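Notes follow the structure.
Just so we're clear, the structure is a prediction, and the values are computed from it rather than from any experiment. Heavy atoms only: backbone and side chains are in, while hydrogens, waters and symmetry mates are out. A note on names: the letters A, B, ... follow the listed sequences, proteins ahead of strands, and every chain is numbered from 1.
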Amino acid sequence: MATKRTKTEKPRSVAPSGRKDENFFEQVFEVVRQIPKGRVTSYGAIAACLGTKGSSRMVGWAMNGSHRVRPKVPAQRVVNRNGMLTGKFHFETITKMEELLKKDGVQVKNDKVVDFRKLFWDPLLEL
DNA sequence: CGCCTGACGAAAC
DNA sequence: GGTTTCGCCAGGC
């Protein structure tokens, strides 16, 4: 494990090969994939974990490409600060998100996660 | 280079 | 608690 990922280091340009550095998106997916089953987190938490605290919107935006990324990214586990399933409209079906969450063991009521605070998984705290 | 958009967040009403 | 407004930053055009 020579690759020690420390949140302190955060070089923007890391693709001198001329390749398009999707570092931002990639990091978002990486964190989301590490979300344990039955847990949820917020966009702002991920953004803060990446160091771009103010770019909470960019996190959700990155999720837009999560559908085409493999392995599949459990975007359903990522909700807003209020625990609301704001991204459900971007899924295949608006019900797919809560279905996946329920399958993970997360109760969803009225488009929002039940006991979101209790199920909240903070990447900054866990990683 | 400038303007608009956006799966957010916090504050105000 | 729900709705509206502003601020945030990166990407698309």
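Atom CZ of Phe25(A) and atom P of dA10(C) are 12 Å apart (whole Å). Between the P atom of dA10(C) and the CD atom of Glu26(A) lies a distance of 17 Å, rounded to the nearest Å. Taking atom CG of residue Asn82(A) and atom P of nucleotide dG9(B), one finds them 9 Å apart after rounding to whole Å. The CG atom of Asn110(A) sits 12 Å away from the C1' atom of dG2(C) (whole-angstrom rounding). Atom CG of Leu85(A) is separated from atom P of dC8(B) by 11 Å (rounded to the nearest Å). Spacing between atom CE of Met84(A) and atom P of dG1(C) amounts to 10 Å, rounded to whole angstrom units. Summarising the geometry, the separation between CZ on Phe116(A) and P on dC8(B) is reported as 12 Å, rounded to the nearest angstrom. One atom, CE of Met63(A), and another, P of dA10(C), lie 19 Å apart when rounded to the nearest Å.
In this structure, Asn80(A) reaches the sugar-phosphate backbone alone: every heavy-atom distance under 4.0 Å involves primed, P, OP1 or OP2 atoms, never a base. Base contact: Phe91(A) has a heavy atom under 4.0 Å from a base atom. No engagement by Ala62(A) is indicated, since no non-hydrogen atom pair under 4.0 Å with the nucleic acid exists.
A donor-acceptor contact under 3.5 Å links the side chain of Arg57(A) to the base of dC8(C).
Considering only side-chain atoms of Ser42(A), the nucleotide from dA7(B), dC8(B), dG9(B) that sits closest is dG9(B). Closest to the side chain of Ser55(A), out of dA10(B), dC8(B), dC9(C), is dC9(C).
Judged as a ring-ring contact (aromatic ring centres under 6.0 Å, His included), and not counting sequence neighbours, the contacts of His67(A) are Phe91(A).
When hydrophobic clusters are built by joining Ile, Leu, Val, Met, Phe, Trp and Tyr residues whose side-chain heavy atoms come closer than 4.5 Å, directly or via intermediates, Val106(A) is grouped together with Leu100(A).
Contact annotation: Ser56(A) does not reach the phosphate of dC9(C) (side-chain N/O to OP1 or OP2, under 4.0 Å).
For the pair Arg81(A) and Phe120(A), the cation sits on the ring face: its NZ or CZ lies under 6.0 Å from the ring centre, inside 45° of the axis.
The side-chain heavy atoms of Thr86(A) and Lys112(A), taken from C-beta on, include no pair separated by under 4.5 Å.
Toward the 5' end of DNA chain C, the nearer of the two residues Gly54(A) and Trp61(A), judged by each one's closest nucleotide, is Gly54(A).
Checked against Pro123(A) for a side-chain contact (heavy atoms from CB on, under 4.5 Å), the options Val31(A), Leu50(A), Ile35(A) give a single hit: Val31(A).
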